[in-house]
Amino acid sequence: MGSQGGFYQSKEFLDLVKSIGEARSKAEEDRIVLSEIETLKRRISEPDIPKRKMKEYIIRLVYVEMLGHDASFGYIHAVKMTHDDSLLVKRTGYLAVTLFLNEDHDLIILIVNTIQKDLKSDNYLVVCAALNAVCKLINEETIPAVLPQIVELLAHPKEAVRKKAIMALHRFYQKSSSSVSHLVSNFRKRLCDNDPGVMGATLCPLFDLITNDVNSYKDLVISFVSILKQVAERRLPKAYDYHQMPAPFIQIKLLKILALLGSGDKQASENMYTVVGDIFRKCDSSSNIGNAVLYECICCVSSIYPNPKLLESAADAISRFLKSDSHNLKYMGIDALGRLIKISPEIAEQHQLAVIDCLEDPDDTLKRKTFELLYKMTKSTNVEVIVDRMIDYMISINDNHYKTEIASRCVELAEQFAPSNQWFIQTMNKVFEHAGDLVNIKVAHNLMRLIAEGFGEDDDTADSQLRSSAVESYLHILGEPKLPSVFLQVICWVLGEYGTADGKYSASYITGKLCDVAEAYSNDETVKAYAVTALMKIYAFEIAAGRKVDMLPECHSLMEEFLASHSTDLQQRAYELQAVIGLDAHAVESIMPSDASCEDIEVDKALSFLNGYIQESIERGAQPYIPESERSGMLNISNFRNQDHLEASSHGLRFEAYELPKQAVQARIPPASLASTELVPVPEPMYPRESYQTTTVPSVSSDAASTELKLRLDGVQKKWGRQTHFPSTSTSNSTSQKTVNGITQVDGSNTANSRTRETYESRKQVEISPEKQKLAASLFGGPSKTEKKSATGHKSSKPSSHMVKSHAPKSSMEVASEKTSPVQQPPDLLDFGEPTVKSTAPSLDPFKDLEGLLEPTTQVSSAVNHSSNAALTKSPDIMGLYTETPAGAHHKDSDILSGLSNPPMTNMVGGTTTMQVAQSSKVGEKDALVRQMGITPSSQNPNLFKDLLG
């Protein structure tokens, strides 16, 4: 390496490697690398660098990154090297980018085109380099860009290319299984490839596929067995041998696959017995790779349907492992033995001495694996030895994580195989004492439940002895200076439940011990709470038994302290204790029966005890309860008991995420020929904002409009401010609604009563609509691409053959004008589509044109197609900006907005006037200010506009 400059590397680079290797400290190494980084920054930016030099600089950057320093300044140069025509430079560039970049790096986009081009190269070495980069750099989003070319490479004449193509598809499956789900058949085909390397590479994706879906590949069992047999019989070229073992890694992968396919399947397993037995006999156990194949054979035998001869061969192999002097082989033997004892427990008995030797081995890893084996081998005859060994080991280690695991296993084994009550209690005491608070709280709860329930053999004497042993041992343990909190909770609970049960200890003695516990652990509120509850149980049992209760002075002082405690939990328990002491024997026995902790609490989910009360209420006229599943169609405003309920239901919190604002495209409607007294929908400006449901208000006659322009609040429900509902009043000019060809029209032939009834019924239908919740979820979002939504969040009107329309009513004068004149309304600022009718009006300021939409009719949302009539209300007037221009001045049958507009442009046709209002310059300035405030002129009536902005 020194004679040739390290494969044509410069002496400077070799000196760098040598100096880093001789560094005495991390600081000295960092100093050398930082100096190298500065040198590379300077040199890599020089113009016209020779390719050989640039390749060396990139390799030195790789070295810098390997040592943990940032070399991102050179990433782009590595990317450029992948574009080079020189094979050596290109392969160096691909090697560097696979080490520098990850699949989400910003520079990946610059490499995709190069990879696509190189995958089509005639030089298979270039193709292989590109496939290597594909496995590392292509992410889920860019898989479709290269997938077709990689599929084509499966038929490449070079086996190296086919192998790497399989590896690339496997990588794609791991990243996004759906992207290659249609290519699974290609893996089956490549399993029959003439080259063993391609076949071996195919086993990896097939193993993943079989792991996810075993049944779909049962038909391949014969093929896998045939391949394994050929490998074991050394039919593969010698190049695949490793330490005189024929293709051992292919054998291991095949054995893993057969273990999956044969699990629980006798028919499939029978096809495997012969070849697995041959491997047991032919396998060379003198090398590590041979032992690895043997271990995989044992794992396969433990997974497939059991066969006695194979189990015997596996036991012999395990015996050789355990007798070996190598810790690695002993570890393999212990692990393999743990797998086999699930099928044949008697195998473990043959190796007891070897297992005990592993327990005494100084290798901690081997010792832990042995304890796992003992845990699986435990039964009633050996539980004492195994648990004692595990507790001793738990005491000797400092690893809290593993100590917790050992403690849980000791508790589990003690519960299952305890030979006596005395041993069980002593074992649990040792676990809690030495494991401390590392013991899971569930273990403590399980212990308390076990003591309360007993061993479940209906032997009251044995259960009483268990509890008496527990009380006696816990009273002795309380003398210890420091005990874990979890253990103290168990002690307090047991003393409270069974401290005086056998009569061996008096109530005064037990209560004194509990008070000592509460005082000694005054910083632990949980322990104090358990102690107070235990005191209450003891005093309750004494009162229920008719004995006089004499509270000790220390108990009195403890009670007074807890009654004034800052902890509400302790206060409550202390007050409960005080109340229980003052009750008579019958009451105490009812509320706190003795030894009732295991009694099941029956919960009457139907609340049947209220049936009598409910029946009496219904007879007095109360409404029966309606299940939630049957309430659809029965909920309206009259169901609410008060306004608070209505307000809570109307303005409940929404937990959906806000959508980003979307620019809405205004829809248009064709001119409609209607009578001058009818209301015609007009396109309403759509803004991505939160909006509310509105209701249709009858139009005001021309006579009424000439005197005073007011909002009609008949039958209107307030949406801003506190909820109110105004009673509907009859008017002679009431109208009803109908829909013709997707356009909402108003028919004035119906009476006010019918309109009011329809309004109420439509509101009721909206509230009971099953789509209401779905629509409410979209209130904060803009219109989707497929369906334009109105500003209120309701679905838009029924679309025509080529567009979706949103409508709002016009004034009667504008309706008549549309009927008799082809003049188009001023264009909407938000309408980006092509106009349906060309307008001859002169070009105006678009914001002034918006003011031409203002007229004395209320805003109606497109939700009228659903007969939805929610309410508009007045709100405080914040439109002081228009004080200079009178908004309420009206003139009969002429300019009703003369206070806001310039002289109108009229077109007299058939006695009907069309109002085209152009706003004055002052109003334009103020309107611009309003727009800066985020307020949009969404109404045709300036007074209504003011109310809506309130």
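Side chains included, hydrogens not; waters and symmetry mates left out as well; all remaining heavy atoms used.
At least one donor-acceptor pair closer than 3.5 Å links the side chain of Glu65 to the backbone N or O of Ala71. In this structure a side-chain-to-backbone donor-acceptor pair under 3.5 Å is present from Thr202 to Val198. In this structure a side-chain-to-backbone donor-acceptor pair under 3.5 Å is present from Ser181 to Ser178. Between the side chain of Asp284 and the backbone N or O of Gly290, no donor-acceptor pair lies under 3.5 Å.
Between the side chains of Ser287 and Gln244, no donor N or O sits under 3.5 Å from an acceptor N or O. Donor-acceptor pairing under 3.5 Å is lacking for the side chains of Asn123 and Ser121. Side-chain contact annotation: Ser313 with Asp316, donor-acceptor N/O pair under 3.5 Å absent.
Proximity of Tyr273 to Val301: side-chain heavy atoms (C-beta onward) are nowhere separated by under 4.5 Å. By the 4.5 Å heavy-atom criterion applied to side chains, Ile115 and Ile138 are counted as neighbours. Under the 4.5 Å side-chain criterion, counting only non-hydrogen atoms from C-beta, Val97 is not in contact with Leu107. You'll find the side chain of Asp195 stays beyond 4.5 Å of the side chain of Lys163, heavy atoms only. Annotation: side chain of Ile318 is not in contact with side chain of Met332 (no heavy-atom distance under 4.5 Å). Residues Ile111 and Val79 meet the side-chain proximity criterion, which asks for heavy atoms closer than 4.5 Å.
Here SG of Cys299 is found 6.5 Å from CG of Asp335. Values are rounded to the nearest 0.5 Å.
Counting only residues at least two apart or in different chains, ring-ring contact (aromatic ring centres under 6.0 Å, His included) contacts with residues 194-232 are absent. The stretch residues 167-188 participates, sequence neighbours left out, in no ring-ring contact (aromatic ring centres under 6.0 Å, His included) pair at all. Within the structure, ring-ring contact (aromatic ring centres under 6.0 Å, His included) contacts touching residues 70-110 (residues at least two apart or in different chains) are Tyr75-Phe100, Tyr75-His105.
Ion pairing of Asp363 with Lys330 is absent here, as no side-chain N (NZ or NE/NH1/NH2) approaches a carboxylate O to less than 4.0 Å.
Leu34 pairs by the side-chain contact (heavy atoms from CB on, under 4.5 Å) definition with Ile37, His69, not counting sequence neighbours. With sequence neighbours excluded, no residue satisfies ring-ring contact (aromatic ring centres under 6.0 Å, His included) with Tyr295. Every residue meeting the side-chain contact (heavy atoms from CB on, under 4.5 Å) condition with Glu233, not counting sequence neighbours, appears here in chain and number order: Lys229, Arg235, Lys282. For Phe249, the ring-ring contact (aromatic ring centres under 6.0 Å, His included) test picks out Tyr242, with sequence neighbours left out. Under the rule for a side-chain contact (heavy atoms from CB on, under 4.5 Å), the partners of Arg43 that lie at least two apart in sequence or sit in another chain are Glu12, Thr39, Glu46, Tyr57, Arg60. For Tyr375, the side-chain contact (heavy atoms from CB on, under 4.5 Å) partners are Arg409, Glu412, Leu413, not counting sequence neighbours. In this structure Asp122 satisfies the side chain to side chain donor-acceptor pair (under 3.5 Å) test with no other residue, sequence neighbours excluded.
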Contacts table for residues 256-265: side-chain donor-acceptor under 3.5 angstrom, sequence neighbours left out:
from, atom 1, to, atom 2, distance (Å)
Asp265, OD1, Gln267, N, 3.2
Asp265, OD1, Ala268, N, 3.2
Asp265, OD2, Lys218, NZ, 3.1

Show me the donor-acceptor pairs within less than 3.5 Å that the side chains of residues 124-136 make with the rest of the protein, sequence neighbours left out.
from, atom 1, to, atom 2, distance (Å)
Asn132, OD1, Lys164, NZ, 3.1
Asn132, ND2, Cys128, O, 3.4
Lys136, NZ, Thr98, O, 2.5
Lys136, NZ, Leu101, O, 3.3

Practice problem: Output, in order, the C-alpha distance, side-chain angles, deciding distance and verdict of salt bridge (Lys or Arg N to Asp or Glu O under 4.0 Å) for Lys369 and Glu372. | Solution: CA-CA 5 Å; Lys369 178 58 70 174; Glu372 292 181 12; 3.4 Å; yes
